[in-house]
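Worksheet: the structure to be examined is printed underneath.
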Amino acid sequence: MGCSASAPENVSGHTGLNMAAKPQPEPGSAAMAKAPSERTSEVVPETPLTQKVMTRTSSGTLVLPETELEVQAIVTANRAVRIVGALHSSSPLSVSSGVILSTKLLNGVVSIDKERQLVTCEAGCTVGFLVATLLKEGLALSQWGTTDRQTIVGALMTGSHGGSAMHHCTSSMVRGCRIVLADGSLREVAEGDPLLNWMFPSIGMLGIVTQVTLAVEARFWLHARCRVVSAADFMTDLDEIVRSSEYTRFVLYPASEEFTVWTADRIAEPEPSQAGATVLSDYMPYESLEDETAIALLMHKKLKLMRDSSSSSSAKLRQLERKLMEESIQRIANRLSSYVGSYHHVLLMSRNKERPHADMELMVRLEHAPGVIGEVLKAAAEHDVPYYNVECCVVRADNYPLSQFNINEGVDSSGQAAMDDCFFCMDFQAFNNDAYEYFKRMEERLRKFDYRVHWAKGVAVTDGAHIRAQFPVETWQALRKLWEELDPSKKFDNPHLMPGRYCIHSASLFSELGVYW
């Protein structure tokens, strides 16, 4: 089925594309590395990308600029603009009543400075393309999440993170950026500029980032291990487990009350016959095809039985799920027990790739993790967890004003403070039909632990008042002042980002904070 898009309300009567000539490379400069792409028309009504975006808005025109000048022209010509990257997030952050600006064709690596270990890329450059480009130069990202399909800027703008008690969220890698402001002007934001700390994450509210500069390091190799730990032992030894390695990830399987504990540490370049370890030449998926098949069958049976409220069905479900999960968990742990490889093959694992789902990620201070885990296990015992796992990790605290991992030490910090505090993250997942009610119930269970939300994951039922209370009043006051300065006409606002529905930093958030200013 095709998508129809109404023309956006704009100043000059068009989307703004082709209003300026493309900038030419400077004399003597190397051409940018570009991801494979093809320039398409200004409005694209019949592509999967368009269909996915348009299902989230009643109106809007998708435009695909290829240069920074074209982004400026689009912003200048329109009264409502939102930006879309790879659509990895499950929240409607890109919804707009006007123009939806895709970064798909702004996908290049602009420059690499090996001596200073810096890389600059365009907003639509994906993690996978950047990693591949850096590898050719012997360089690497120090951390990332578990997918390489995200755009770099999209991930940064939503507060994405890896899993490590030693690393802050990905915002800590940013050393500068270029932003198109609401009036169409271009602003260079260098390290030391207070605006830089506000930009990541800011979900496109303050301006459109066209380029970002990241700190990188020399390529490195990792030795990863995986083992099964009971939930009881995990909670008892939590602090030791989360700080045991540079990189850590955990998956809770409520039915069997067990965790898989995955750790990875740096090693010298592996030998082809690394003793006792599998040597990778490609990505290592977290689940094998056998695991995926078994879990898909389990989920089909589980959801069917959950709709039957009889006690016999409940007992049958519990027994079935425990047996199948114990078998799958052991297979996963055995296959991932010890392997070595280049950092990207180890860190960028794919999970749940064959099972479309919605997710809601909540994070709490590390000391609250045992209580949160206990509540999840209690919910599972009451047959109130319609999915088979909960993905978990830890992230080192920071001082970026809008970061989910901010420890509220003031809004003017550089964000690079040496803090030992950590946040424990839990990514709750469910199939779309079950997600809303399940997430709502889980938020109610966990409210007492002062959770925060991932700005791009399942905030459809989040209570705005609760989220506001997790940050100092001074933060919201400073944000409103900055927002009104940079976008007085609210060009980059999103009417769907509302407290109680899609709560983040929109106008409706501030309207409920009237007492604060």
Side-chain angles (χ1 to χ4, degrees), residues 90 146 161 163 228-239 241-242 248-262 286-287 295 298-299 302-303 305-306 314 317-326 328-329 332-333 351-352 355 357-395 404 422-431 434-454 457-463 466 470:
S90 58
T146 58
H161 56 85
V228 179
V229 175
S230 71
D233 287 345
F234 184 87
M235 289 186 283
T236 299
D237 301 327
L238 177 66
D239 196 71
I241 290 173
V242 302
T248 56
R249 292 174 188 147
F250 323 105
V251 181
L252 170 61
Y253 298 88
S256 61
E257 299 183 4
E258 293 174 310
F259 276 88
T260 50
V261 174
W262 180 93
Y286 195 78
E287 295 168 358
I295 291 169
L298 167 66
M299 292 303 301
K302 178 174 181 173
L303 294 175
L305 287 172
M306 284 184 72
S314 297
L317 169 61
R318 186 77 171 171
Q319 183 180 15
L320 170 68
E321 188 172 13
R322 176 178 284 274
K323 180 177 184 297
L324 289 178
M325 290 319 306
E326 286 175 347
S328 294
I329 293 167
I332 292 170
R351 292 186 274 193
N352 301 322
R355 292 182 296 278
H357 64 282
D359 58 347
M360 172 187 72
E361 185 175 348
L362 306 181
M363 47 277 296
V364 298
R365 297 292 283 265
L366 186 61
E367 59 265 30
H368 293 317
V372 171
I373 294 167
E375 283 293 330
V376 175
L377 294 176
K378 182 179 177 182
E382 297 170 358
H383 307 289
D384 197 24
V385 179
Y387 208 69
Y388 72 99
N389 70 7
V390 181
E391 297 180 11
C392 309
C393 69
V394 292
V395 179
Q404 304 96 310
C422 292
F423 282 79
F424 188 78
C425 309
M426 301 191 79
D427 192 9
F428 298 94
Q429 302 164 23
F431 292 104
D434 305 295
Y436 184 87
E437 292 301 326
Y438 170 49
F439 293 165
K440 183 176 181 180
R441 295 191 302 269
M442 196 55 68
E443 283 198 339
E444 287 301 317
R445 285 180 178 271
L446 303 182
R447 195 177 305 279
K448 58 189 175 185
F449 299 109
D450 292 332
Y451 64 77
R452 295 182 182 179
V453 297
H454 190 300
K457 289 189 178 181
V459 290
V461 295
T462 297
D463 176 8
H466 172 86
Q470 306 311 310

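When reading the values below, keep in mind they use all heavy atoms of this one structure, side chains included, and skip hydrogens, waters and symmetry mates. Residues take their numbers from the sequence shown, with the count starting at 1. Bear in mind the structure is a predicted one, so any value in this text is a computation, not a measurement.
Residues passing the side chain to side chain donor-acceptor pair (under 3.5 Å) test with Asp239 are Arg243, sequence neighbours excluded. Take Ser230 and apply the side chain to side chain contact (heavy atoms under 4.5 Å, CB included) test, not counting sequence neighbours, and it matches Ala232, Asp233. The side chain to side chain contact (heavy atoms under 4.5 Å, CB included) test applied to Cys393 returns His161, Val395, Cys425, not counting sequence neighbours. Considering only residues two or more places apart in sequence or on other chains, Phe423 meets the ring pair (Phe, Tyr, Trp, His ring centres under 6.0 Å) condition with Phe405. Residues satisfying the side chain to side chain donor-acceptor pair (under 3.5 Å) criterion with Gln404, sequence neighbours excluded, are absent altogether. A search for ring pair (Phe, Tyr, Trp, His ring centres under 6.0 Å) contacts involving Phe424 returns nothing, not counting sequence neighbours. Under the rule for a side chain to side chain donor-acceptor pair (under 3.5 Å), Lys378 has no partner lying at least two apart in sequence or in another chain. For Arg445, the salt bridge (charged side-chain N to carboxylate O under 4.0 Å, His left out) partners at least two apart in sequence or on another chain are Glu375, Glu382, Asp384. Under the ring pair (Phe, Tyr, Trp, His ring centres under 6.0 Å) criterion, Phe234 pairs with Phe250, Phe259, not counting sequence neighbours. Considering only residues two or more places apart in sequence or on other chains, Glu367 meets the side chain to side chain donor-acceptor pair (under 3.5 Å) condition with none of them. Residues passing the salt bridge (charged side-chain N to carboxylate O under 4.0 Å, His left out) test with Asp237: none are found, sequence neighbours excluded.
When every heavy atom of Ala333 is checked against every heavy atom of Val228, the shortest pair comes out as CB-CG2, 3.6 Å. Here the closest heavy-atom approach between residue Tyr451 and residue Leu446 is recorded as CD2-O, 3.5 Å. Counting all heavy atoms, side chain and backbone alike, Tyr438 lies closest to Val385 at OH-CG1, 3.5 Å. The two atoms that bring Met325 and Ala255 nearest to each other are CG-CB, 4.3 Å, heavy atoms only.
For the pair Leu252/Val376, a side-chain contact is recorded, criterion being any heavy-atom separation below 4.5 Å from C-beta on. Counting heavy atoms from C-beta outward, Phe439 and Phe428 have side chains that approach closer than 4.5 Å. Contact of the Gln429 side chain with the Val390 side chain is not registered, since no non-hydrogen atoms from C-beta on lie closer than 4.5 Å. The shortest side-chain heavy-atom distance between Thr248 and Val394 falls under the 4.5 Å cut-off.
Here the CH2-CZ distance, from Trp262 to Arg249, works out to 4.5 Å after rounding to the nearest 0.5 Å. In this structure, CE in Met426 is found 9.0 Å from CG in Leu362, a value given to the nearest 0.5 Å. Rounded to the nearest 0.5 Å, atoms SG (Cys392) and CD (Glu361) are 9.5 Å apart. Atom CG of Asp427 and atom CD of Glu391 lie 5.5 Å apart (nearest 0.5 Å). Remark: Ile373 CD1 to His368 NE2 distance equals 13.0 Å, nearest 0.5 Å. Considering CZ of Arg365 and CG of Asp450, their distance stands at 10.0 Å, rounded to 0.5 Å.
Counting only residues at least two apart or in different chains, salt bridge (charged side-chain N to carboxylate O under 4.0 Å, His left out) contacts with residues 252-262 comprise Glu257-Arg318.
For the residue pair Tyr286/Thr260, the side-chain donor-acceptor check at 3.5 Å is satisfied.
The residues Glu444 and Arg441 are annotated as not salt-bridged, no charged nitrogen and carboxylate oxygen being separated by less than 4.0 angstrom.
The main-chain N or O of Gln470 is found under 3.5 Å from a side-chain atom of Arg452 such that the two form a donor-acceptor pair.
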